[in-house]
Amino acid sequence: MDVPDYGTVLDALLAIREGVDETLTLRCSCRSHICGSCVMKINHRSALACKTKLQAAQERAGSGHPIVVQPAGNMPVIKDLVVDLEGLWSKVRAVDPYLQPTGPVPEREYIVSNEAMLNVREATACILCGACMSECTVLEVDDRFLGPAPLAKAWRFTEDPRDGADRARLEALSQPGGVWDCTHCFQCVEVCPKDVRPMDRILELRRRAMAEGFTDNNGSRHSQAFVDSIGSTGWLDETRVAMRSTAGLRELRGWVGVGWRSFVRGKVPLRHRPIPGAMHVRAIFQRAAANDPPRQVRRREQ
Amino acid sequence: MAEDYDVLVVGAGLAGMRAALAAQQAGCTVAIVSKVYPVRSHSNAAQGGINAALDEADSWESHAYDTVKGSDYLGDQDAIELLAREAPAAIIELEHMGVVFSRDEQGRLGSRNFGGASHARTYFVGDFTGQALLHVLYEQLVRSGIMTFSEHFVTRLVHDDDGRVSGALGLDMRSGERRMWTAKAVILATGGMGRVYEPSTNALICTGDGMAIAYRAGAPLMDMEMVQFHPTTLKSNGALISESARGEGAYLLNRDGERFMQTTAPHAMELASRDVVSRAEQIEINEGRGVDGCVLLDVRHLGAAKIMERLPQIRALALEFAGADMITDPVPIRPGMHYEMGGIKTDVHGATPLPGLFAAGECACVSVHGANRLGANSLLETVVFGRRAGEAAAAYATERGPVRRSPSLLDDESRLLNLLLARPDGIRPAALRQEMGQTMTVDVGVFRQAETLRAAQAALVEMRERFARVSVGDKGRVFNQALVSVLELDFMLDLALAVVAGALAREESRGAHTRVDFPRRDDAHWMRHTLAFHTPGGPRMETMPVAVTRWQPTERVY
């Protein structure tokens, strides 16, 4: 088929639909990656068909190999490349996705800094295409997870100086299915066509939730136990972290099997000794706690 | 299946959602039907911003005057006054809803320059203002709990025995099931009809469904000849480069590196109104001073930092589809079909001449844009007249008694769709659509004349006949996009004929409508709107006078 240099995978699919097989079914509209309709798997990666150049897709597939096009993942297929998006919409609805200001409404606009707006803008660039939901490795095994796009949307409101519902939002997001269910696999960051970096938003939501005192959950207990273990011995005490991450004995019982299998495989040493030079690790933790707010630490790491 | 509501809104872009919210606030039960999910609507594509005289040094009168002048005096001045007066409150309301408008150093709303405006009164979110607004209105829609039928396609309006519009018929695209919605008032907010042209900056969904449905039901289409050609579209795929590039200071250059706007608009230069700039570009191209059928858009002097902060999306588009990095290279651009100023005739309350039928947004013609729309006035129109139409429809619905259901209509419509599906193999709709689009671009483009317009009309009449042999390539029920695209083509052929009829009738040059054979504006005869009424034999034309309140037409100088 004749497709020009600048042609996209969408152009090719439309050429097929219009000239070869009119039953080929796919969602598409704007052709300029702003409406978010045409998300699908191209060569096994979630992407917008209108943003994927045919040449690049061909290179990825390897010359002589067909470009593989499949419906988006983690969502039931309706027909061809059309999937059921109800999961995405219901999870967006679940994060109360609207501004909830408190206090008197000003006569004119809210006075806020441009920096604050630019910060929020990074996540409002999300077009809800669902590429991240399609690629999310947690959603693959647990449909209860809210998922990257809805959580990025939630982040947008907690960061907005005009929103007054931060605490309620952070509390809700600390529940099962919320921010602690992410496994930091980076897939959402990599496939997002709008550089929203959903995973980074999720990690920031965790830090804010803990700072606001929402620590009565396995996720934040796990996080704290992790920090305590590394901070004292320089490495991870799996047994102790597992025990501290759970809410109580009853829940811990559910982990006995995993614990036993880990033990058999030699992953649970009987004595957890500090590594040589653990005091240097401790020193790093002490300095970090004393001087630097978490964000600056992160920037230095980069 | 059938459903009953007070107010039914067709279309879930900015105008539709704003109308639905207003109608619900007025105490009505409301449903929205849209052929896509609300956040997929084409309001997304508005990049540059939204106009309002919010600054103390600015005034609504100035905004209104610029709009009247921009419209080449074809806009109705009573409607334009309302638009400009209600703009500041509309923008503050959007800000309160959560739109992350750019700010100035004091933390107040920051504005940018835009074409045809005498003050920097365009408020914006980077270069994706439309998307930002659309998603915020969607958030409000979620909050409202308004019943939303996404991926449902409306095919026809329903009338009561006394002629009042009382609902709509359509199709649940996912299941293929036929649907009827009964309502005391219907608001059409289905957006533009860009796909009548090929190429167009418009999304593939912009097929003018609402315009065609209203037209067939007896509502007149007004000023359909007023088609805006945007000055900066990419040659490769017709994608739009926002006016914000010129708002931020971009130059337009010809082959010799000259800023050719100097001759046409020595004061406003690149920021003259769109009709003026598009004509100037087309003249450069036609007279051999272009580059490959284009002229050049140059922002290099703005520097990388400003380009990245203020124009990130359009830099990405140019990189992708023209292979040009705006930081280091000028981008070849040309005029491209962008917006329909005309549409379903409404009053300032969004009411059409058909009782019970309202319209707002690009599918409507109030008229605030007249013969040429100013950039960043379209987003404004959607929220101001969306709200007004919602309120007026709610008031109408509240007055009106219960509406009788006519289930037999659902069976009739079902039978028609089944007949269409059962047509034997014939012409592919895509081929006919391409032919229509190219005919419109060549013969009903920036420059027009009687001879080519008549040729286009004859060609379209012939295409209308050929449409009877178009077949639906998918016989299934579930997500039958082939069926929808045939229905859309049917709509668009009607609209194309209405555009040509208007262009033939208007024997003058005004705004976006340039007749080579009538090169002057003719205020003595044509301070009038054209009205097209649907008849089986083609459009029947009438005219009506423009509303003039305080600005008498004078020569337009930029």
Side-chain angles (χ1 to χ4, degrees), chain A residues 4-8 11 14 17-19 21-37 51 53 78-80 82 84-85 89 92-93 96-99 101 105-118 120-121 124-128 153 156-157 160 162-163, chain B residues 36-37 39-42 44-45 54 91-92 95-98 100-110 125-126 128 130-132 135-136 138-140 142-143 174 203-205 236-237 239-240 309 313 316-317 320-323 428-431 472-476 478-482 485:
Chain A
D5 283 352
Y6 57 83
T8 62
D11 292 331
L14 290 178
R17 182 165 87 182
E18 299 195 335
D21 181 359
E22 287 181 79
T23 69
L24 176 62
T25 307
L26 67 146
R27 292 190 181 102
C28 57
S29 180
C30 73
R31 305 163 298 141
S32 49
H33 25 99
I34 197 73
C35 80
S37 300
K51 207 189 176 194
K53 288 289 204 35
I78 296 174
K79 181 178 171 188
D80 292 347
V82 174
D84 185 347
L85 289 164
W89 307 128
V92 168
R93 286 195 292 269
D96 293 338
Y98 38 82
L99 196 72
V105 178
E107 201 173 301
R108 294 261 310 205
E109 71 270 32
Y110 287 92
I111 304 296
V112 288
S113 73
N114 198 39
E115 287 65 41
M117 287 291 100
L118 287 176
V120 175
R121 216 176 87 178
T124 58
C126 171
I127 55 176
L128 293 175
K153 187 125 186 121
R156 170 248 171 284
F157 293 105
D160 195 319
R162 298 168 297 180
D163 192 88
Chain B
V36 292
Y37 286 102
V39 295
R40 308 289 185 233
S41 304
H42 191 55
N44 261 328
L54 266 169
I91 285 177
I92 296 301
E95 199 276 334
H96 289 175
M97 284 178 181
V100 290
F101 281 115
S102 288
R103 296 304 213 267
D104 64 14
E105 269 146 33
Q106 282 77 49
R108 306 186 63 127
L109 297 178
V125 183
F128 54 94
Q131 185 225 318
H135 281 245
V136 164
Y138 175 64
E139 291 162 13
Q140 297 301 311
V142 167
R143 178 180 214 166
R174 178 167 175 173
L204 301 175
I205 55 172
S236 58
N237 65 348
L240 175 71
E309 189 204 325
Q313 301 280 341
L317 281 175
E320 200 139 326
F321 297 119
R428 280 184 192 273
V472 180
D474 185 344
K475 307 295 181 195
V478 174
F479 240 98
N480 190 335
Q481 292 178 325
S485 68

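What you see is a predicted model; the values in this text were computed from it and never measured. Labels below follow one simple rule: chain letters A, B, ... track the order of the sequence lines, proteins then strands, and each chain is numbered from 1.
Between chain A and the residues B:Val472, B:Val125, B:Leu54, the most heavy-atom pairs under 4.5 angstrom are made by B:Leu54. In terms of heavy-atom pairs under 4.5 angstrom with chain B, the leader among A:Cys30, A:Gly36, A:Pro101 is A:Gly36. For the set B:Arg108, B:Met97, B:Glu105, the count of heavy-atom pairs under 4.5 angstrom toward chain A peaks at B:Arg108.
Judged as a ring-ring contact (aromatic ring centres under 6.0 Å, His included), and not counting sequence neighbours, B:Phe321 has no contacts. Every side chain to side chain contact (heavy atoms under 4.5 Å, CB included) that A:Asp96 has, sequence neighbours left out, goes to A:Tyr98, A:Gln100, A:Arg169.
With contacts defined as side-chain heavy-atom distances shorter than 4.5 Å, the pair A:Thr8/B:Glu320 does not qualify. Contact annotation: the side chain of A:Glu22 approaches that of B:Pro429 to within less than 4.5 Å [non-hydrogen atoms, C-beta and beyond]. The shortest side-chain heavy-atom distance between B:Val100 and A:Asp160 falls under the 4.5 Å cut-off.
Looking at B:Gln313, the atoms closer than 4.5 Å to chain A (heavy atoms on both sides) all sit in the side chain, from C-beta outward. Of the two parts of B:Phe101, only the backbone, made up of N, CA, C and O, holds a non-hydrogen atom closer than 4.5 Å to a non-hydrogen atom of chain A. Using a 4.5 Å cut-off between heavy atoms, A:Glu115 makes no contact with chain B at all. For chain B, the nearby parts of A:Thr25 are the backbone and the side chain; heavy atoms of each come within less than 4.5 Å. For A:Val112, the parts lying under 4.5 angstrom from a heavy atom of chain B are both the backbone and the side chain. At a 4.5 Å heavy-atom cutoff, the contact between B:Ile205 and chain A is made by backbone and side-chain atoms alike.
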Quick one: do B:Arg428 and A:Glu18 satisfy salt bridge (charged side-chain N to carboxylate O under 4.0 Å, His left out)? Show the steps, please.
CA-CA 8 Å; B:Arg428 280 184 192 273; A:Glu18 299 195 335; over 6 Å; no

Salt bridge (charged side-chain N to carboxylate O under 4.0 Å, His left out) for A:Arg162 and B:Glu95? Distances and angles first, verdict last.
CA-CA 10 Å; A:Arg162 298 168 297 180; B:Glu95 199 276 334; 2.9 Å; yes

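Between A:Tyr110 and B:His96, the angle of the ring planes goes over 60°, which puts this pair in the perpendicular group of the 30/60° scheme.
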